[in-house]
2 protein chains.
Amino acid sequence: MSQSAVSRCFKPGASISAKTRAKVEKAARQLGYQPNAIARGLITRRSNIVAVIISEPTNLNYPEVLSQLNRRLGERQVHILLFTLSRERDVNLALDQVWQYQVDGIIAAAQFTAEQIAACEDRGIPLVFYNRVYTQQGVSAVCCDHADGERQLIEGLLSNKRKNFVVMSGPADSAVSTARTKGAVTRLKQEKVNLMQVAGDYSYESAVECVHEVMSTKKFSPDAFVCANDTMAIGCIDTLRHDYGVAVPKDIAVVGFDGVGAAAWLSYDLTTVVQPVQRMVEAAVNMLLERVEDDSIPAETRLFAGQLRLGSSAQLEA
Amino acid sequence: MSQSAVSRCFKPGASISAKTRAKVEKAARQLGYQPNAIARGLITRRSNIVAVIISEPTNLNYPEVLSQLNRRLGERQVHILLFTLSRERDVNLALDQVWQYQVDGIIAAAQFTAEQIAACEDRGIPLVFYNRVYTQQGVSAVCCDHADGERQLIEGLLSNKRKNFVVMSGPADSAVSTARTKGAVTRLKQEKVNLMQVAGDYSYESAVECVHEVMSTKKFSPDAFVCANDTMAIGCIDTLRHDYGVAVPKDIAVVGFDGVGAAAWLSYDLTTVVQPVQRMVEAAVNMLLERVEDDSIPAETRLFAGQLRLGSSAQLEA
DNA sequence: CTGAAAGCGCTTACAG
DNA sequence: CTGAAAGCGCTTACAG
């Protein structure tokens, strides 16, 4: 048994006789032999590992994203080296590790600086952003159309005769929150309505505090809360009902964004925009692996429309 | 510059003069050089990668576990190769990949067969289970004491004069669900109370169906629901309130298990057992890495008590 | 303290 | 179709 013969046996399409193949396979079975993917990667310069960098692991949306990613990549025999960031600024720490592990590509749900993006390019590591868009050239991304989703929600609330809006944003360093908040505010500024902005951090608890802040403001009595994610919208509904006896949606309408599982729970039945996670993940994986195969493929940004979910937390027209 | 000099420069404690070190570091900075961890792993037989295998990614508990794991392992410069299983039986597929990637160890929140455990041992790959216990020798595990947690909940419900219990289990192939259900049922069988068992799958939707099933059963009118996880407990509360106008906890008490974020939401304020995730993860990481360093260290099972959270979904005594 | 050499487990032209 | 040889980028005795 030569080394080469064994190697060819595990390489699909290599020229090898049925006889040698049988011999190798038998021995492999007896010894429990599996080719060493690390050594293979060293010579082929393909590790079949992709780094997944996520900065908001607490976002309820992310387990689904991660498990979809694992499924889609797994189908193509690609593995995930996982990096969850506690703070957005830890990107550099993660990237240092990424270089060392010779990953084939990066899927990032985190904010990169221009230098960080350039560093990936310099090293020839394809990079696809998930739910971040960059205006600069040559950056691939899949993204849910946050601005348009917010626009749809606001249209509905407006034709519902809502006049006094609260827009609740997420963490200041979250690009997703910024996009959503900006989408909502931009549309609202075109109308003659009152607008108050408050800053949460995506968490239920932060929404509770924001609602207290709003409700203790004299001279402003809101009739609609527009929240940057579902978790905060849920926090709003609970606080309004339990602490202020407000009827939702009769007195105040509440809308969220994401389409997490809890949005459909009977206590909330949230009006929200559902991100097409499956399609987004599929697109991200395809775009990344295409560019791994062929580095001449140009960058591309794909924007997916979210789907309006009409719940009873805000009775919009269909 | 010899290869050896560069190598020593990146190895802490190696004998190298300040002068050469400076020269190497300067060059490294200019070229953006980082040692290739893959090649290093090939020769040192240490990849600094740990496989994390999770079979219930939909469990709301798991994002926190994963992000804690990442933090704890990251502190020790160890990385996570992630495997999420859609079905418990995919363990073999995951393990095949695990062998190829020469991981240093495995953390598994999934059910392994005796053969699968033996395969890890044969290959000398340390294995620590998370929230699974095995009675066989030589298996390391950290686990929340599910049975004792259930016992505490049941004691409380009993001293509350509850008489007609529903125990709702999770998926049949989940060891965690089995342990919890068995803990509850064992304790209940010691008392003169009525008991009905129903089978959910950990999801909110399955709890809704279970409640319908129970409430349409003539001759049985429950006054306590004991659910194998928080998500189902939440589904119970919602269904009881919205579909049957039941007062929780006055008419029917509901308890869960896990201590997920939503348990504290105002609409639920769940009585549940909180898993000490931080401590459990810390223990799992320590146990695994100890055994990576020194394979003579014997296996160990560590059982952590869960902490009772007294919410208003069941008014237990303190 | 430093460098030349061997070797980790693979793949891949190259000759036969 | 098959095997010997070179080489991927490292680390680590070994000599100097």
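Everything quoted here is computed from the prediction, not taken from an experiment. Chain letters run A, B, ... following the sequence lines, proteins first, then strands; residues in each count from 1.
- Heavy atoms only, all atoms of each residue included: A:Asn131 and A:Gln275 are closest at ND2-OE1, 2.7 Å.
- As rounded to whole Å, 17 Å separates atom P of D:dG9 from atom CZ of A:Arg46.
- Side-chain atoms of B:Ser4 lie closest to D:dT12 of the nucleotides D:dG7, C:dG7, D:dT12.
- If you check C:dC10, C:dC8, D:dG9 against the side chain of B:Arg45, the one that comes closest is C:dC8.
- Take the nearest nucleotide of DNA chain C for A:Ala39 and for B:Ser2: the residue whose nucleotide is more 5' is B:Ser2.
- The side chain of B:Ser7 places an N or O atom within less than 4.0 Å of a non-bridging phosphate oxygen (OP1 or OP2) of D:dT11.
- Contact annotation for A:Tyr33: backbone-only contact, meaning every heavy-atom pair under 4.0 Å involves sugar-phosphate atoms and none involves a base.
- In this structure, A:Arg8 reaches the bases: a heavy-atom distance under 4.0 Å links it to at least one base atom across the strands shown.
- D:dG3 atom C1' lies 13 Å from atom NZ of A:Lys23, rounded to whole Å.
- Counting non-hydrogen atoms of neighbouring residues, nucleotides and ligands closer than 6.0 angstrom, the CZ atom of B:Arg21 exceeds 12 such neighbours.
- In this structure, CZ of A:Arg21 is placed 14 Å from C1' of D:dT2, rounded to the nearest angstrom.
- Atoms CZ (B:Phe10) and P (D:dT12) sit 15 Å apart, rounded to a whole Å.
- Taking all atoms of both residues into account, the shortest heavy-atom contact from A:Ala228 to A:Arg180 is O-NH1, 2.8 Å.
- Using cut-offs of 30° and 60° on the angle between ring planes, the pair A:Phe112 and A:Phe129 is perpendicular.
- Looking at heavy-atom distances under 4.0 Å, A:Thr44 makes contact with sugar-phosphate atoms alone, never a base.
- Using a 4.0 Å heavy-atom distance criterion, A:Gln100 is classed as making no nucleic acid contact.
- In this entry the distance linking CH2 of A:Trp99 with P of D:dC10 reads 16 Å, nearest Å.
- Residue B:Ser17 is the one, among B:Leu42 and B:Ser17, whose nearest nucleotide of DNA chain C lies closer to the 5' end (criterion: closest heavy atom).
- The interatomic distance linking B:Asn36 (CG) with C:dC10 (C1') rounds to 14 Å, in whole Å.
- Close to C:dT12, at under 4.0 Å from its OP1 or OP2, lies a side-chain N or O of A:Lys11.
- Base-pair partner of C:dA4: not found among the strands shown (Watson-Crick or G-U wobble, both distances under 3.5 Å).
- Here the side chain of B:Arg40 is nearest to one of C:dT12, C:dC8, D:dT11, namely D:dT11.
- Nucleotide D:dA13 is matched to nothing when pairs are restricted to Watson-Crick or G-U wobble geometry with both distances under 3.5 angstrom.
- Contact annotation: B:Thr20 reaches the phosphate of C:dT2 (side-chain N/O to OP1 or OP2, under 4.0 Å).
- If you take CD1 of B:Ile16 and C1' of C:dT2, they are 9 Å apart, rounded to a whole angstrom.
- The interatomic distance linking B:Arg123 (CZ) with C:dG9 (C1') rounds to 15 Å, in whole Å.
- For the residue pair B:Arg71/A:Ser86, the side-chain donor-acceptor check at 3.5 Å is not satisfied.
- Taking every side-chain heavy atom of A:Gln3 into account, C:dC10 is the closest of C:dC10, D:dG9, D:dT2.
- Here the side chain of A:Ile43 is nearest to one of D:dT11, C:dT11, C:dG9, namely C:dT11.
- For the 3.5 Å distance criterion, the side chains of A:Gln111 and A:Tyr134 qualify, holding a donor opposite an acceptor.
- Across all strands, B:Gln102 comes closer than 4.0 Å to no nucleic acid atom at all (heavy-atom distances).
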